[in-house]
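Chain letters run A, B, ... following the sequence lines, proteins first and then strands; every chain starts at 1.
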There are 2 protein chains.
Amino acid sequence: MKTLTHRQQDVLEFIGQTIDNAGAAPTFREIAAHFRFRSVKAAADHVAALRRKGALAGAPRRARALSIVDAADDDWATARALGRRLARLPVYGTIPAGLAEDRRQEARGCVAVDLDTLGIRPTPRTFALEVRGDSMIGRHIVDGDLVVLEHGKMPRHGDVVAALIDNESTLKTFVQERGRPPCLKAENPRYPRLHPVGELVIQGVMVGLIRKVKV
Amino acid sequence: MKTLTHRQQDVLEFIGQTIDNAGAAPTFREIAAHFRFRSVKAAADHVAALRRKGALAGAPRRARALSIVDAADDDWATARALGRRLARLPVYGTIPAGLAEDRRQEARGCVAVDLDTLGIRPTPRTFALEVRGDSMIGRHIVDGDLVVLEHGKMPRHGDVVAALIDNESTLKTFVQERGRPPCLKAENPRYPRLHPVGELVIQGVMVGLIRKVKV
DNA sequence: ATGATTACTATACAGATGTATAGTAATTGG
DNA sequence: CCAATTACTATACATCTGTATAGTAATCAT
C-alpha cells in the first residue's frame, strides 16, 4: 500500500462520510466546495491520486460512481470489488423451530450491522440473537450480548451454536470428537448437561458478537 | 406502506442490484436501457412513483443519488427518518499519549460501525482499540476483540478504560471507592497490580465491543 | 540543479443527467 | 361511464459533471 498524504486522507475521509451520510459519493465540485478549492481540478487531482494509490475505486466518467477501498484491508485490489454494505439483521429473543419465511413477524427488532466490520458475508439466513442468561460465560458471552449467527451453516468442533432446547433458543458449544456422535456443551459449570445433537435442531452458527455497554 | 406494482418492484430491484454491484445508483438512462425503454421518462416516472411510495430516498436533481429504503422495515416512514449512519472509527494497536491531530497516521486501520447498533453518539474522539492479551478476561473481553472507546469522557466506578502504561495502551477497570483516590484494576489474577490514576493518562472509556469469530 | 510529486488557480467543453412538455394506450376503482 | 393510475414514446433543454489544457508555487529525492 502506498502511503497517502494528509490532504489525501482528508479528501478520502470526506468522500467516505458523504457516501455514508448521503448514500452517494460527492462530485468533484462538491469536494471542491467542501475544501473551498477554487478549482475543480484540485478535487479531480486528489481523486486521481487516490485512485492511483488504490484507495478509491469506481468507473471513471460516471457521476458519483466513486467507492472507497477499505483501508483495513491489506490487499487493495481485492477489497475494491467489495464496497461496504450494511445488513439489517432480525433480532430474536427465541427463534421458532423452523425459521420459516415470516421471520420478520417473529423478530423482536432489527440491528444494522456493517458486514465488513464483522467480516462476514450476509445471507438471508443471517440473524442476531440477544443473549439471556450466562450459559456461555465460559466463552465470554454475557447477558445482553448480541450474537450474530448464520442459519444452515455446518458447525465445526468448538463452534458456538444456537439450539432449540425446551422450546427456547440456547447457545451451546458444538463438540465433535472422533469416534463419537456430536453433542452440545454449555459453557457454564452450573449447566453441566450434554445434549446429543440428533434430538434437537441447530438453528445457527455464531459468526460475530456485538456488546453495548450501558452508560 | 403502499404496495408496489410488479413493474415498480422490478425497477426497485434493479436499482438495488446496481447500487450493490457498481457502488452507485443507476441513472434514468441506465434504467431505461436495462428495461429497453425507448424513453427516459419511463424510468423517471417509475422512480418518481417509488419515491412517492417511500421505497426510494435521496436528493432529487442529483446524479446517481438514489438510495433504497430498506424493505425489511415495517414502516417506511420511520425508516426514512432514521437514516442509518455509519462512523469510521480509527483502530489503534497502541494509542499515543496525546491523542493528537494526526491520529490517522498512527491508526492501524478503520472499522465502520453502525451507530444505532452500538447505541452511541459519535464524537471525533470515538475510536476503536484492538485488544491484545487477556488482561480484561474477568470482564469477558478477550484477545482480538475490538473495543469501542470514547476519549475525554468522565469514567465512573466500574467503567472499563484504556490507559497508557509503560508506553502501551492497556484496558483496566476504573475503581472509585469513597474516601480513596481512584485507581485502575486489571481483571486478571495474573495482573494483580493496582495503578493510581494520577500517574497515568486515561485515554478512553469503553462504550461498546465487537467480536469477530474466526471461521 | 533538476525532475518528480504535491497542491493548487482559472477557464473551457463535450457529454451525461435530471427534468419537463405533450401525447398514447391499457387498466382499475367508484 | 369517468377519473385516476400505470406504463410507456418522443423530443427538448438547462445544468451538472468528468475531463482537459495551461499555468504557479512548494517540497523532496536524486
Verdict with supporting geometry, B:Ile31 and B:Val11, side-chain contact (heavy atoms from CB on, under 4.5 Å): CA-CA 8 Å; B:Ile31 297 171; B:Val11 175; 4.2 Å; yes
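- B:Ile19 meets the side-chain contact (heavy atoms from CB on, under 4.5 Å) test with B:Ile15, B:Ala25, B:Ile68; sequence neighbours excluded.
- Sequence neighbours left out, the pairs with a member in residues 32-43 of chain B that pass side-chain hydrogen bond (donor to acceptor under 3.5 Å, both in side chains) are B:Lys41-B:Asp45.
- For DNA chain D, the outermost nucleotides in 5' to 3' order that have an atom under 4.0 Å from a heavy atom of chain A are D:dT17 to D:dT21.
- Residues passing the side-chain contact (heavy atoms from CB on, under 4.5 Å) test with B:Ala42 are B:Phe37, sequence neighbours excluded.
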Chi angles and distances behind the side-chain contact (heavy atoms from CB on, under 4.5 Å) call for B:Arg51, B:Leu66: CA-CA 9 Å; B:Arg51 265 218 172 82; B:Leu66 293 174; 3.5 Å; yes
Evaluate A:Leu149 against A:Leu171 for side-chain contact (heavy atoms from CB on, under 4.5 Å), listing each step before the verdict. CA-CA 10 Å; A:Leu149 302 121; A:Leu171 288 179; 4.2 Å; yes
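- Spacing between atom CG of B:Leu66 and atom P of C:dG18 amounts to 8 Å, rounded to whole angstrom units.
- The residue B:Ala42 sits close to a base: some heavy atom pair falls under 4.0 Å.
- Partners of B:Phe28 according to the ring pair (Phe, Tyr, Trp, His ring centres under 6.0 Å) rule, which considers only residues two or more places apart in sequence or in another chain, do not exist here.
- Place A:Lys41 and B:Asp45 on DNA chain D by their nearest nucleotides, and B:Asp45 ends up nearer the 5' end.
- Between its two ends, the helix from C:dA1-D:dT30 to C:dG30-D:dC1 turns its axis by 40°, counting five pairs per end and rounding to 10 degrees.
- Following rounding to the nearest Å, B:Leu56 (CG) and C:dG18 (P) show an atom-to-atom distance of 13 Å.
- The side chain of B:Arg7 contributes no N or O atom lying less than 4.0 Å from OP1 or OP2 of C:dA26.
- For A:Arg139, the side chain to side chain donor-acceptor pair (under 3.5 Å) criterion is met by no residue, not counting sequence neighbours.
- Partners of B:Asp10 by side chain to side chain donor-acceptor pair (under 3.5 Å), not counting sequence neighbours: none found.
- For B:Glu187, the side chain to side chain donor-acceptor pair (under 3.5 Å) criterion is met by B:Thr173, not counting sequence neighbours.
- In this structure, B:Phe37 places its CZ atom 17 Å from C1' of C:dG18, rounding to the nearest Å.
- Within residues 24-35 of chain B, the residues that have a heavy atom under 4.0 Å from DNA chain C are, in order of number, B:Thr27, B:Phe28, B:Arg29.
- Judged as a side chain to side chain donor-acceptor pair (under 3.5 Å), and not counting sequence neighbours, B:Gln9 has no contacts.
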